[in-house]
S.K.: 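Here it is, the structure in full.
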Amino acid sequence: MTESIELQLAQYQSEFQQFIPTLLGPIQSEFAITTDHRLTELFEALEYSCSNGGKRVRPFLTLATFQALGHTPSTSIKMVAGAVEFAHCYSLVHDDLPAMDDDDMRRGKPSCHRAFSEATAILVGDGLQARAFELITTADFSAQQKISMVQTLAAALGPRGMVGGQFIDVCSVGVNLEQSHLESMHRLKTGALIRAAVLLGAHAGAASSQLLHSLDQYAQNLGLCFQVVDDVLDVVGSSESLGKTQGKDEQRGKPTYTQLLGLEGAKQTALELKNNAIAAISDFPGSADTLRDLAEFVVQRQH
Ligand code: GRG
């Protein structure tokens, strides 16, 4: 992994931070004759939930895929990338709720329902998800490209994607899952959105069906790799570096790769998945180097 991927990500993190007001849009809407001042708090909570602390891997993947296809980043692809991150932030806000993972910390600060209220956190999640789709529809791509992006993201977030994976996760506390079941849960819960991040970049970049297939293989391997590394970090990381409670999965009796394969087995699996991801785009030119570096980053990350 080149050192520059970390620098590139750091640069993108600060760029993303500055772009948040544009992504959220103004409080005023065509529906409100005058803006109710209470909406200010909702917007504060929305901004809080997508502000600093995130690695921004998913939107960066969208941009890197678009660039791998030979395009220069535009405001429109940045809006699509923002949509991907908003969908991710929604999932984190809802995942932290008492009825889900019940976590008080996220990205090194109190989780949304702790900083505001449970009702606000539910609405923030719903609001971020809706805004994600609005961002895609207002970006400057063809109608067909936007339909493909909306379909891809909706499928990734829905019952056959992240929500389905989360449901299996919630039902699996204290259950010993076989590896194949653990894998399909993670492919849905975490993998589906990472896959969508890449596929949205591919649709925006008008990838041919052959390139789309290679990028999809890359994304599926990377998505699963990301969650295997997450399981490893839940064991070896610290709450400080993770920005959330370490050891939570084990505490709650959740099935994980480390529990199933041991720490070394899980690390080995992550490496194999990373290698498969990179192999899937071996025919791509140098413009895909950022995607290769990102795969290395995912497996070597410390938080
Ligand atoms: C619909 C009520 C309701 C709930 C749905 C959507 C959902 C609950 C749960 C999503 C599942 C989830 C949160 C998976 C975790 C994926 C994961 C590994 C998150 C951490 O991602 P990072 O490391 O985080 O990229 P940062 O903070 O860097 O963005």
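We count residues from 1, following the sequence as given. Atom set for the values below is all heavy atoms of this structure, side chains included, hydrogens, waters and symmetry mates excluded. Atoms within a ligand are numbered from 1 in the order they appear, just like the ligands themselves.
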S.K.: According to the side-chain hydrogen bond (donor to acceptor under 3.5 Å, both in side chains) rule, which pairs have a member within residues 122-133, sequence neighbours left out?
M.R.: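 Sorted pair list: Arg131-Glu134.
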
S.K.: Between Gln227 and Asp231, is there a side-chain donor-acceptor contact under 3.5 Å, judged purely by atom types and distance?
M.R.: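 Gln227 and Asp231 do have a side-chain donor-acceptor pair below 3.5 Å.
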
S.K.: If we count only N and O atoms by modelled type, under 3.5 Å, do the side chains of Asn176 and Gln259 hold a donor and an acceptor together?
M.R.: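 There is such a pair (donor and acceptor under 3.5 Å, judged by atom type) between the side chains of Asn176 and Gln259.
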
S.K.: Which residue is it: Val198, Thr290, Leu294, Leu211? I am looking for the one with a side-chain contact (heavy atoms from CB on, under 4.5 Å) to Thr65.
M.R.: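 Checked Val198, Thr290, Leu294, Leu211 against Thr65; only one passes side-chain contact (heavy atoms from CB on, under 4.5 Å): Val198.
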
S.K.: Salt-bridged, Lys189 to Asp230, with N to O below 4.0 Å?
M.R.: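 Looking at Lys189 and Asp230, the cut-off is not met.
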
S.K.: So if I only count non-hydrogen atoms and take anything under 4.0 Å from ligand 1, which residues does that give, chain by chain?
M.R.: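 Lining ligand 1: Gly54, Lys55, Arg58, His88, Tyr90, Ser91, Leu92, His94, Asp95, Met100, Arg107, Met162, Gln166, Lys189, Thr190, Phe226, Gln227, Asp230, Arg301.
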
S.K.: Does the distance from a Lys or Arg side-chain N to an Asp or Glu carboxylate O, for Arg187 and Glu183, drop under 4.0 Å?
M.R.: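 Answer for the salt bridge query: yes.
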
